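In what follows, a structure is listed as structure tokens, so that the remarks can point back to it.
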Amino acid sequence: MIEDDVYRASSQYRYWSYTKESLARIRQNTNDLASERVRAAFHRAHTAHPAHSSNSHNAVSAGDADADAMEIDVDVDVETLTVDEELKIVEWGCSKIMEMGEAMNPRIPSHIVATAIQYLRRFYLTNSPMTYHPKQIMTCALYLATKADHFYISLAKFVAELANLSEDDVKAPEFLLLQGLRFTLDVRHPMKGLAGGHIEMNVMADEGRLGDISKATGSAKRIGTAADHAKRLLATAAQMTDAYFLYTPSQIWLAAMMVADRELVQIYLHNKLSELSSNEATTSLQQKLMSTISACASLLESYRSPKDDASQRKEIKRIGKKLTVCQNPEKMDIVAVARAKAAEKRGGKDSDVGKALKKRKLERDMMDKDGDVFGPDLRNVPGSGED
Amino acid sequence: MASSNGVSPLMPRSPSNINANMSPSRAKSLAMRKSISKPQTAPTVQPQKPPPDFDMAEQVNEEISNKYVKGKKLGEGTYAIVYKGHVRSDPHRIVAIKKFKVDPSQQREGLNVDTIREIKYLQEISHPSIVALLDVFSSKDQNINMVIEYFPNGNLEELIRDKTVSYGAADVKAWMGMLCRAIYYCHSNFILHRDIKPNNLLIAADGEVKLADFGLARSFGDPRYQMTSAVITLWYRPPELLFGARQYGGAVDIWSIGMVFAELLIRRPYAAADVANQEVLATGGGTVAQLDKICEAVGTPSEENWPGVSKLRDYFELEKKIPVRDKPFYMQMFPTAGSVGVDLLMAMLKLDPRKRVTAQGALEHEWWTVDPRPTEKEHLPKQGGGASKMAAAEAAAPGAVTDENKFKGVAKKLDFGASRK
């Protein structure tokens with residue numbers, strides 16, 4: 001009863017559930033690693049093409065334009081993004097996914113948009129926007145979500161709906177994205193739970209199991225209003241915060257309801273729990289439940305859309321500018337990156353020559369084993385010389 | 001829930017039953033088995049040996065990839081190549097590695113959706129009667145590799161066809177129990193398999209039969225969204241899909257299970273359109289011929305036995321008018337099933353999907369409690385096609401009607417001839 005075994009078996013629980021501390025730690029690790037690599041990439045760029053390096057150099061040390069572009073310590077001092085700044089940029093990508101989903105014809109259902117947003121958020125736990133800008137990944141995330149969640153739209157049509165984007169731009173990072181997602185594609189959303197909870201609350205109210213909230217006091221309207229508010233929160237605040245990483249789907253929808261109508265959720269939970277046999281365990285469970293849901297509710301409430309907040313918009317602009325300077329120059333062209341990764345295998349031990357030799361030996365072995373159905377070697381066949 | 005002393009057919013008898021009542025420790029060991037430990041511990045940055053250009057995600061991937069050693073090729077199909085392999089730290093732990101082919105002509109829309117969905121659903125599923133996905137990793141050439149259980153004993157199709165193998169009613173009951181538990185698990189997790197057939201039922205080393213190939217699977221239960229009716233291999237496809245239904249539920253899988261049940265009993269497909277005949281395939285990909293076979297085997301769908309059937313999108317008046325087959329007909333057709341077994345079969349093969357038994361209903365059926373008791377899995381016959389047949393089933397395109405592997409050897413030899421030039 002207390003533990004939802006089905007949910008515990010899900011990849012969302014197994015790989016994508018964190019405490020606040022562990023979430024902060026993994027983001028810091030990702031940021032450290034990416035920052036280091038950005039510096040190394042700039043260093044390589046400077047040493048390889050010293051003449052072309054002055055642009056980035058100027059941007060970095062704007063006040064000191066005359067400084068020697070060759071100075072290595074300047075490269076190393078590239079000002080990289082902080083964890084908070086990275087998160088802001090990822091959230092910007094999430095809001096863009098939302099806009100794309102709404103603008104698309106046919107409109108992409110909100111639960112698929114939500115899946116895409118969670119893909120993006122999960123991807124950026126182990127990847128930095130400094131390495132791959134969200135604008136490179138977000139269209140792929142949305143397209144992958146339509147494929148994984150059975151909403152068919154052809155890539156050609158998908159691309160036609162977006163300005164200035166090629167099919168390659170969308171599908172090139174797919175593999176990278178899948179890897180960042182650890183090949184888990186299922187996202188458990190709170191929306192279905194909310195719909196079920198809405199129905200259950202109505203039934204309980206009609207049966208007189210929600211105290212003062214009853215048919216006589218206009219329960220259907222009150223519950224409906226709260227559910228509508230909660231639904232909006234699930235589509236916005238729940239997507240734009242860490243809610244999915246920190247809480248389960250049922251905690252999230254209950255928290256959204258709580259933001260909308262605290263008393264309603266309190267009465268609902270109280271009555272649900274009182275249906276169980278009352279003992280110490282249920283009392284402590286109730287306390288734990290209320291504090292967890294309250295914490296999630298505060299998280300949802302804390303979200304402010306940049307749309308209604310000028311200072312946030314200004315901040316995102318600033319970070320965007322900063323990112324144009326510290327973006328890893330070797331990863332700018334996502335199509336080229338994907339191609340290079342695919343070609344990586346040709347280096348090292350599995351070289352083309354080695355592979356060809358191996359293949360030839362394999363063929364020989366197979367021929368020995370299978371017997372030769374086409375007679376002796378071609379050179380023994382008269383007239384085969386022309387080939 | 002089942003009482004502690006009674007054996008509920010809802011529960012696998014195996015102690016490794018993990019879906020029924022998973023304790024926290026079991027949940028933990030499940031997570032362990034999935035081997036990629038929780039991210040807060042796994043992708044620790046190791047500054048002393050930073051791979052030249054590896055993201056954290058790539059490092060994690062590399063660690064998983066290194067856990068396995070890829071061995072010889074077991075088979076190759078339209079979608080994938082299957083290799084034998086083993087765990088590097090324990091060479092006795094044999095696995096199969098299914099490497100999805102990257103075919104540029106099939107990648108116009110990026111990665112194949114069947115691959116994406118198979119991975120999506122298998123990652124969420126863990127059941128003793130469903131093929132276990134141990135790991136997924138990418139190889140350097142951007143291929144996706146699925147590490148799955150190794151099945152040395154082929155699949156049920158091979159076993160049914162192999163006339164040197166004899167089996168009886170108790171064996172059929174054991175296999176059906178595994179299949180029913182597997183699909184009950186899927187349906188209670190809101191997943192439809194949509195390609196149940198003997199070819200996708202693999203035989204594990206310990207005799208357990210496991211449901212494989214989730215390339216056509218999808219989640220269900222949201223009536224707002226339409227689903228495709230072009231799923232399930234023709235011989236196992238229920239009449240509602242043949243009539244083009246776009247909204248359906250677990251009943252489609254149950255029909256397939258009923259057909260598998262019948263096939264296990266008579267050792268040939270029970271209602272099978274002649275898919276080798278081009279004329280047959282020309283009429284709606286064989287749907288007309290398949291419906292004709294269903295009329296003979298089960299009865300002609302009509303408004304009387306299936307209210308609303310004529311409203312289905314692709315419904316048409318069927319030529320054959322055969323009343324729904326009655327119990328004496330089934331008793332004569334399937335004498336080895338016994339009276340109660342025939343009841344279950346008839347419940348699975350109800351034309352009207354709303355009247356068809358559910359997965360839970362099937363597990364609660366009286367058949368499991370009457371004689372004979374199902375064979376213990378250690379004693380089940382295992383001879384099938386062997387590992388190469390497992391590979392054939394795993395590598396084939398989902399929903400393929402014909403046995404494309406029949407001609408594979410020939411094609412290979414032709415290839416060798418060509419490559420020598």
Side-chain angles (χ1 to χ4, degrees), chain A residues 3 5-6 8-11 14-19 22-23 25-26 29-30 32-34 36-37 109 123 125-127 131 140 143-144 147-148 150-152 154-155 167 170-171 174-176 178-180 182-186 192 330 338 341-342 344-345 350 363 366-367 370 373-374 378 387, chain B residues 18-19 21-24 27 30-31 34 36 38-41 43-45 47 50 53 55-58 60-61 102 107-111 113 116-117 119-121 123-126 136-142 144 146 188-189 218-219 221-222 224-225 227-228 409 412-413 416-417 419-421:
Chain A
E3 290 147 357
D5 294 336
V6 174
R8 278 171 192 271
S10 72
S11 60
R14 289 184 288 124
Y15 299 152
W16 305 107
S17 296
Y18 298 88
T19 61
S22 60
L23 196 58
R25 209 175 320 129
I26 190 170
N29 277 347
T30 299
D32 290 346
L33 188 66
E36 202 177 288
R37 286 177 41 199
F123 176 81
L125 285 188
T126 52
N127 288 280
T131 315
C140 182
Y143 193 63
L144 182 62
K147 289 204 279 186
H150 305 265
F151 184 82
Y152 181 73
S154 77
L155 183 54
E167 293 190 9
V170 175
K171 66 183 180 181
E174 190 174 43
F175 200 79
L176 195 70
L178 276 168
Q179 192 170 264
R182 307 167 132 236
F183 302 100
T184 60
L185 294 162
D186 191 53
K192 264 190 189 162
E330 293 165 0
K341 294 253 183 222
E344 222 169 67
K345 201 185 178 183
D350 242 338
E363 286 170 6
M366 288 296 278
M367 287 301 290
D370 288 358
V373 287
F374 293 110
L378 284 177
D387 272 13
Chain B
I18 40 101
N19 64 308
N21 243 328
M22 191 159 56
S23 65
L30 174 72
K34 291 281 182 172
I36 321 174
K38 301 277 286 177
Q40 55 259 50
T41 53
T44 41
V45 193
D53 189 28
D55 290 304
M56 276 171 63
E58 284 172 310
V60 174
N61 182 67
V102 180
Q107 303 270 316
R108 278 200 332 275
E109 313 219 311
L111 201 67
V113 291
I116 287 174
R117 289 169 193 171
I119 291 170
K120 172 180 166 179
Y121 291 110
Q123 287 278 27
E124 306 304 314
I125 286 172
S126 182
V136 185
F137 65 88
S138 52
S139 37
K140 288 199 185 69
D141 50 351
Q142 304 241 313
I144 291 184
M146 269 175 46
S188 50
N189 281 285
R218 71 161 294 154
S219 48
D222 196 332
R224 283 176 302 168
Y225 298 102
M227 304 185 273
T228 172
K412 231 179 231 166
K413 280 175 181 139
F416 282 119
S419 68
R420 268 199 307 190
K421 290 192 183 173

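Side chains are part of it too, since the values below use all heavy atoms of this structure and drop only hydrogens, waters and symmetry mates. First the proteins, then the strands, lettered A, B, ... as listed; each starts at 1. Quick caveat: nothing in here was measured; it's all calculated off a predicted structure.
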If you count heavy-atom pairs under 4.5 Å with chain B, which of A/Ala148, A/Gly180, A/Ser10 comes out on top? A/Ala148
Of the backbone (N, CA, C, O) and the side chain (C-beta and beyond), which part of B/Arg218 lies under 4.5 Å from a heavy atom of chain A, both, or neither? both
Working to the nearest 0.5 angstrom, can you tell me the gap between B/Asp222 CG and A/His150 NE2? 12.0 Å
Answer yes or no: is there a side-chain heavy-atom contact under 4.5 Å between A/Thr126 and B/Val60? no
B/Tyr121 portion near chain A, given a 4.5 angstrom heavy-atom threshold: side chain
Just verifying a value: how many Å separate B/Ile144 CD1 and A/Leu178 CG, rounded to the nearest 0.5 Å? 5.0 Å
Looking at CD of B/Glu109 and OH of A/Tyr143, how far apart are the two atoms once the value is rounded to the nearest 0.5 Å? 3.5 Å
Give me the atom names and distance for the closest heavy-atom approach of A/Asp186 to B/Glu124. CB-OE2, 3.2 Å
Using modelled atom types only, decide if a donor and an acceptor are shared between the side chain of B/Arg117 and the backbone of A/Lys147 within a distance under 3.5 Å. yes
Using modelled atom types only, decide if a donor and an acceptor are shared between the side chain of A/Gln179 and the backbone of B/Ser138 within a distance under 3.5 Å. no
Nearest atoms (heavy-atom pairs only) where B/Val136 meets A/Phe183: CG1-CG, 3.4 Å
Please test B/Gln123 against A/Ser11 for side chain to side chain donor-acceptor pair (under 3.5 Å), starting from the C-alpha separation and ending with a verdict. CA-CA 7 Å; B/Gln123 287 278 27; A/Ser11 60; over 6 Å; no
